[in-house]
Novice: 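A single structure is presented below for examination.
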2 protein chains.
Amino acid sequence: MDARQLEEKLRAAGYRLTPARRAVIQALGEAGRELAPREVLAAARARCPGLGRATVYRTLRLLAQLGLALPLPAPGGIRYRLLAGDLHRLVCRGCGAQLPLDLCPARGLTARLAERSGYLIAGHVLEFYGLCPDCQRRLSCVE
Amino acid sequence: MDARQLEEKLRAAGYRLTPARRAVIQALGEAGRELAPREVLAAARARCPGLGRATVYRTLRLLAQLGLALPLPAPGGIRYRLLAGDLHRLVCRGCGAQLPLDLCPARGLTARLAERSGYLIAGHVLEFYGLCPDCQRRLSCVE
DNA sequence: GGCTAACTGAGACGATGTATCATCAAGCGT
DNA sequence: ACGCTTGATGATACATCGTCTCAGTTAGCC
């Protein structure tokens, strides 16, 4: 799902499409990785110079509520990324390094789960976490 | 994995087992749900009266790095829970409501993934997210 | 073009998380 | 059992984060 489609989804859900919101969405879309709110603010100001901090937080929260953006815990606080389908990755809890995965053992479950729960399911995250080789040494984790 | 086992893992990894750390671990263990750092502080002070804020943050970060606790994004900030095996749930992005799931399509992948990546894999999270029936109405999401 | 409700930016505010530092005590060796 | 050594602690100060309020603006609809 690209930035243009997200803008349409916002509209379809009854929200206005403003320069501030477009700037936030496009900043997230161009980054291609998760961004901290402060990074979103910096990047989005290139497109919307006077953009305020509060608006960035409001927009990120709105996108997350609608399932269009994904908040992820990271060292240093929560980061956001646009939801481009589902997310599968292997994350190092020590340094934050990531390896994307191309497996998906969960896709077939979504429809059944939605039916049984009444939820409107926007996607899923499958995240394996642990320590990368470097951090295994650095943290003297002997397991 | 209960609190006692976690304490042993800390020791095994070369860290000291102090009253402050035990209080944090036991507070998380007894809660049985994810806690915000401020809640951890309040609960842990019952066991370790003078406990300081900085120590709680330090301990939570340490536990997360070692894969013994899990930071999760929630409305209001990051929350932590002890890692009791893997986590599978369905989460509402609107209000934070959760449904635990008893499926696990990913368990069999861990060993192969660890071998190929060199990571020490502590566990995984499979999280479906979307909107619960209430929030679908409240946010006028027409999807 | 004008209306109206949703949205915005500014600013103030409390909460959150980190850095520093003197003091303390866990765990080890004896 | 007792000291040592060094990692851990609590207090404090500080920077940042995230929220709230409010007056002014503007997107979307007629």
Side-chain angles (χ1 to χ4, degrees), chain A residues 7-25 27 34-42 44-66 69 71-80 96 138-142, chain B residues 6-25 27 34-42 44-66 68-69 71-80 96 138-142:
Chain A
E7 294 177 4
E8 259 326 296
K9 285 225 171 188
L10 255 195
R11 295 282 322 277
Y15 296 92
R16 291 185 182 170
L17 188 49
T18 65
R21 284 175 176 166
R22 302 182 72 147
V24 168
I25 291 173
E34 50 264 50
L35 296 180
R38 54 180 307 177
E39 295 173 313
V40 175
L41 177 60
R45 272 189 171 155
R47 296 177 171 278
C48 184
L51 183 63
R53 206 157 37 111
T55 299
V56 170
Y57 282 107
R58 283 188 286 237
T59 303
L60 290 174
R61 183 168 47 192
L62 176 62
L63 292 175
Q65 282 182 337
L66 293 176
L72 294 164
I78 294 180
R79 291 167 169 267
Y80 292 82
R138 190 166 55 79
L139 294 170
S140 66
C141 187
V142 299
Chain B
L6 289 190
E7 295 177 4
E8 260 326 296
K9 285 225 174 192
L10 254 195
R11 294 286 319 278
Y15 296 93
R16 290 183 183 173
L17 188 50
T18 65
R21 285 176 175 165
R22 300 181 74 147
V24 168
I25 290 173
E34 50 261 53
L35 297 180
R38 53 180 307 180
E39 296 173 311
V40 175
L41 177 60
R45 273 190 171 155
R47 295 176 170 278
C48 183
L51 183 63
R53 206 158 36 108
T55 300
V56 170
Y57 282 108
R58 283 188 286 236
T59 303
L60 290 174
R61 183 169 46 189
L62 176 62
L63 292 174
Q65 283 183 336
L66 294 176
L68 305 178
L72 294 163
I78 293 180
R79 291 168 169 266
Y80 292 82
R138 189 166 56 78
L139 294 169
S140 66
C141 186
V142 298

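Reminder, nothing fancy here: chain letters follow the sequence lines and each chain counts from 1.
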Novice: May I ask you to say what B:Arg53 touches in the nucleic acid, namely base, sugar-phosphate or nothing, with a heavy-atom cut-off under 4.0 Å?
Specialist: base
Novice: Within the structure, does a side-chain N or O atom of B:Thr18 lie under 4.0 Å from either OP1 or OP2 of C:dA25?
Specialist: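 No, outside the criterion.
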Novice: Just by distance, do the side chain of B:Arg11 and the backbone of B:Leu17 share a donor-acceptor pair under 3.5 Å?
Specialist: no
Novice: Quick check against the 3.5 Å criterion: does A:Arg21 have a side-chain atom that pairs as donor or acceptor with the backbone of A:Arg16?
Specialist: yes
Novice: B:Arg22 near the nucleic acid: base, sugar-phosphate alone, or nothing, with a heavy-atom cut-off under 4.0 Å?
Specialist: nothing
Novice: When you check the phosphate oxygens OP1 and OP2 of C:dT18, does a side-chain N or O of B:Arg61 lie under 4.0 Å from one of them?
Specialist: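 Yes, because at least one side-chain N or O of B:Arg61 sits under 4.0 Å from OP1 or OP2 of C:dT18.
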Novice: Students should find this one: the first and last nucleotides of DNA chain D, 5' to 3', lying under 4.0 Å from a heavy atom of chain B. What are they?
Specialist: D:dT6 to D:dA13
Novice: I need the minimum non-hydrogen distance between B:Arg79 and B:Ala74, along with the two atoms involved.
Specialist: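 Scanning both residues completely, I find the closest heavy atoms to be CD-CB, 3.6 Å.
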Novice: Which atom names give the shortest non-hydrogen contact between A:Ala27 and A:Val40, and what distance separates them?
Specialist: CB-O, 4.3 Å
Novice: Do the side-chain N or O atoms of A:Arg58 get closer than 4.0 angstrom to the phosphate oxygens (OP1, OP2) of C:dC7?
Specialist: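 For C:dC7, OP1/OP2 do not have a side-chain N/O of A:Arg58 under 4.0 Å.
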Novice: For B:Leu17 and for A:Pro19, find the nucleotide of DNA chain C with the closest heavy atom, then tell me which residue's nucleotide is more 5'.
Specialist: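 Its nucleotide being nearer the 5' end, the pick is A:Pro19.
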Novice: Both A:Arg11 and B:Arg21 contact DNA chain D. Taking the nearest nucleotide for each, which residue is further toward the 5' end?
Specialist: B:Arg21
Novice: Find the distance A:Tyr57:OH to C:dC13:P and express it as a whole number of Å.
Specialist: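 The distance from OH of A:Tyr57 to P of C:dC13 comes to 19 Å, rounded to the nearest Å.
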Novice: Pick base, sugar-phosphate or nothing for A:Pro49, based on heavy-atom distances below 4.0 Å to the nucleic acid.
Specialist: nothing
Novice: Which heavy atom of A:Pro71 sits nearest a heavy atom of A:Ile78, and at what distance?
Specialist: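 So the two residues come closest at CB-CG2, 3.7 Å.
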Novice: B:Thr55 and B:Thr18: side chain to side chain contact (heavy atoms under 4.5 Å, CB included), yes or no, with the steps?
Specialist: CA-CA 11 Å; B:Thr55 300; B:Thr18 65; over 6 Å; no
Novice: List the steps and the verdict of side chain to side chain contact (heavy atoms under 4.5 Å, CB included) for B:Tyr15 and B:Leu62.
Specialist: CA-CA 10 Å; B:Tyr15 296 93; B:Leu62 176 62; 3.7 Å; yes
Novice: Looking at A:Arg16, I'd like to know whether one of its side-chain N or O atoms comes within less than 4.0 Å of OP1 or OP2 on C:dA5.
Specialist: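 So the side-chain polar atoms of A:Arg16 never come under 4.0 Å of the phosphate oxygens OP1 or OP2 of C:dA5.
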Novice: So A:Ala54, base contact, sugar-phosphate only, or nothing? Heavy-atom distance under 4.0 Å.
Specialist: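 A:Ala54: base contact, heavy atoms under 4.0 Å.
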